[in-house]
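What follows is a short report on a single structure.
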There are 2 protein chains.
Amino acid sequence: MSRRSFPAPDPADAASVFAALGDETRLAIVTRLCTDGPQSIVRLTERAHVSRQAITKHLHALAHAGLVRSKRDGRERIWQMQPRRLGDARRYLDQISAQWDAAIDRLRALVEDG
Amino acid sequence: MSRRSFPAPDPADAASVFAALGDETRLAIVTRLCTDGPQSIVRLTERAHVSRQAITKHLHALAHAGLVRSKRDGRERIWQMQPRRLGDARRYLDQISAQWDAAIDRLRALVEDG
DNA sequence: GTCATGAGCAACCTCCAGGTTGCTTGTTGG
DNA sequence: CCAACAAGCAACCTGGAGGTTGCTCATGAC
């Protein structure tokens with residue numbers, strides 16, 4: 001990915017990332033992975049209020065959206081953030097915010113002119 | 001860092017906003033409201049591939065998340081963006097991105113120190 | 001070797017998001 | 001006044017998200 005001029009994010013991709021973040025348990029997982037770094041399923045489960053299998057399913061959902069990835073390490077599986085998609089989501093929000101601001105400005109100009 | 005004046009967004013609120021944006025149809029509605037400005041249900045339905053009632057339900061979902069609001073105007077109901085929550089979501093993403101970057105830096109420092 | 005531990009797999013349950021159709025209510029333009 | 005149009009309401013259907021339990025498999029510790 002070139003650093004200049006990011007392409008407009010695909011709405012379908014953006015929606016899938018937002019959907020992945022749109023669950024409190026998953027958002028908590030993401031937050032923990034961001035603050036505490038890569039870690040195993042049991043460790044992620046310890047402070048959660050659902051079962052290990054539920055956490056596993058959520059991790060797979062996050063992986064499907066491209067937000068996390070994992071690698072096997074001995075008898076553990078270590079999960080970590082994959083921040084690229086997070087950046088996509090941020091850029092998408094920035095984009096529609098900018099569009100909204102522009103629309104507001106147009107509206108304001110219209111009102112003030114006439 | 002940036003914008004310390006904003007309180008840290010409530011994870012539950014953030015999750016509900018992300019969930020609202022996590023559907024392609026709703027994301028399209030938001031985009032259209034941002035680019036084309038406030039408009040009625042029929043107008044929003046015209047270029048959509050689902051029924052008017054489906055659009056109505058999505059609008060209510062967005063309203064529940066605080067992303068849009070509406071007012072009655074004659075026999076129409078006009079819907080428009082309410083960009084505050086959008087800002088909350090952006091800030092939340094910025095926050096966890098920053099946390100991730102910090103974690104990466106800590107990890108790197110640890111590795112380099114030995 | 002064997003046992004405890006971390007993870008994977010599968011079946012199952014429940015609930016609600018997302019969609020539809022059909023009808024009613026209200027407003028407005030002619 | 002009334003016909004057409006925008007929206008609201010209600011009932012209904014379906015798939016899949018989110019959760020659980022129970023079992024098996026693999027690996028590391030001792």
Side-chain angles (χ1 to χ4, degrees), chain A residues 11-33 36-80 85, chain B residues 11-33 36-81 85 89:
Chain A
D13 286 354
S16 78
V17 172
F18 289 136
L21 296 174
D23 176 279
E24 236 180 301
T25 306
R26 280 197 295 270
L27 198 54
I29 291 176
V30 166
T31 301
R32 287 205 58 196
L33 285 180
D36 301 350
Q39 51 197 292
S40 72
I41 298 181
V42 276
R43 200 168 144 213
L44 281 168
T45 304
E46 271 164 11
R47 286 177 197 165
H49 56 295
V50 290
S51 69
R52 175 179 59 85
Q53 285 77 0
I55 296 292
T56 299
K57 283 193 184 181
H58 282 306
L59 284 168
H60 284 135
L62 289 169
H64 193 71
L67 279 168
V68 303
R69 68 196 165 113
S70 70
K71 59 169 187 244
R72 197 71 192 260
D73 175 32
R75 64 179 161 184
E76 295 185 332
R77 178 173 291 277
I78 304 300
W79 293 82
Q80 68 172 330
R85 295 285 164 161
Chain B
D13 286 352
S16 77
V17 173
F18 289 137
L21 296 175
D23 176 279
E24 236 180 300
T25 306
R26 280 197 295 270
L27 199 53
I29 291 176
V30 166
T31 301
R32 287 206 58 196
L33 286 181
D36 302 348
Q39 52 196 291
S40 71
I41 298 181
V42 277
R43 199 169 144 212
L44 281 169
T45 305
E46 272 164 12
R47 286 177 196 165
H49 56 294
V50 290
S51 70
R52 175 179 58 87
Q53 285 78 359
I55 296 292
T56 299
K57 282 194 183 178
H58 282 306
L59 284 168
H60 284 136
L62 289 168
H64 194 72
L67 280 169
V68 302
R69 67 195 167 114
S70 70
K71 60 165 185 248
R72 198 70 192 259
D73 175 31
R75 63 180 162 183
E76 296 184 331
R77 181 173 289 277
I78 303 301
W79 293 82
Q80 69 171 329
M81 282 300 296
R85 294 286 164 156

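Throughout, a chain's letter reflects where its sequence line sits, starting with A, and its residues are numbered from 1.
Expressed to the nearest 0.5 Å, how far CG of A:L33 lies from CG of A:L59 amounts to 7.0 Å. Atom OG of A:S40 is separated from atom CD of A:E46 by 7.5 Å, given to the nearest 0.5 angstrom. Atom CG of A:L27 is separated from atom OG1 of A:T31 by 4.5 Å, given to the nearest 0.5 angstrom. From B:I55, atom CD1 reaches atom CD1 of B:I41 across 9.0 Å, with rounding to the nearest 0.5 Å.
Between the CG atom of A:D73 and the C1' atom of D:dT27 there is a distance of 11 Å, rounded to whole Å. A:L44 has its CG atom 12 Å from the P atom of C:dG8, to the nearest Å. Across the protein-nucleic acid pair, B:I55 atom CD1 and C:dT20 atom P stand 9 Å apart, rounded to whole Å. Rounded to whole Å, atom P of D:dA6 lies 16 Å from atom CG of B:L59. Distance A:R26 CZ to D:dG19 P: 8 Å, rounded to the nearest Å. In this structure, B:Q39 places its CD atom 15 Å from C1' of D:dA6, rounding to the nearest Å. B:E24 has its CD atom 19 Å from the P atom of C:dA17, to the nearest Å. In this structure, NE2 of B:H58 is placed 14 Å from C1' of C:dC16, rounded to the nearest angstrom.
B:W79 approaches B:A63 most closely through the heavy-atom pair CZ3-CB, 4.0 Å.
Here B:S51 does not reach the OP1 or OP2 of C:dG19: none of its side-chain N or O atoms lies under 4.0 Å away.
One can find a donor-acceptor pair under 3.5 Å joining the base of C:dG22 and the side-chain atoms of B:Q53.
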Where along nucleotides 1-7 of chain C does protein come under 4.0 Å, by heavy atom, of base (B) or sugar-phosphate alone (S), with - for untouched nucleotides? ---BBSB
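For the side chain to side chain donor-acceptor pair (under 3.5 Å) condition, the pairs that include at least one residue of residues 56-65 of chain B, sequence neighbours left out, are B:R26-B:H58.
Sequence order on DNA chain D of the closest nucleotides to A:G22 and A:G74 puts A:G22 first from the 5' end.
Counting only heavy atoms from C-beta outward, the side chains of B:Q39 and B:R32 approach each other to under 4.5 Å.
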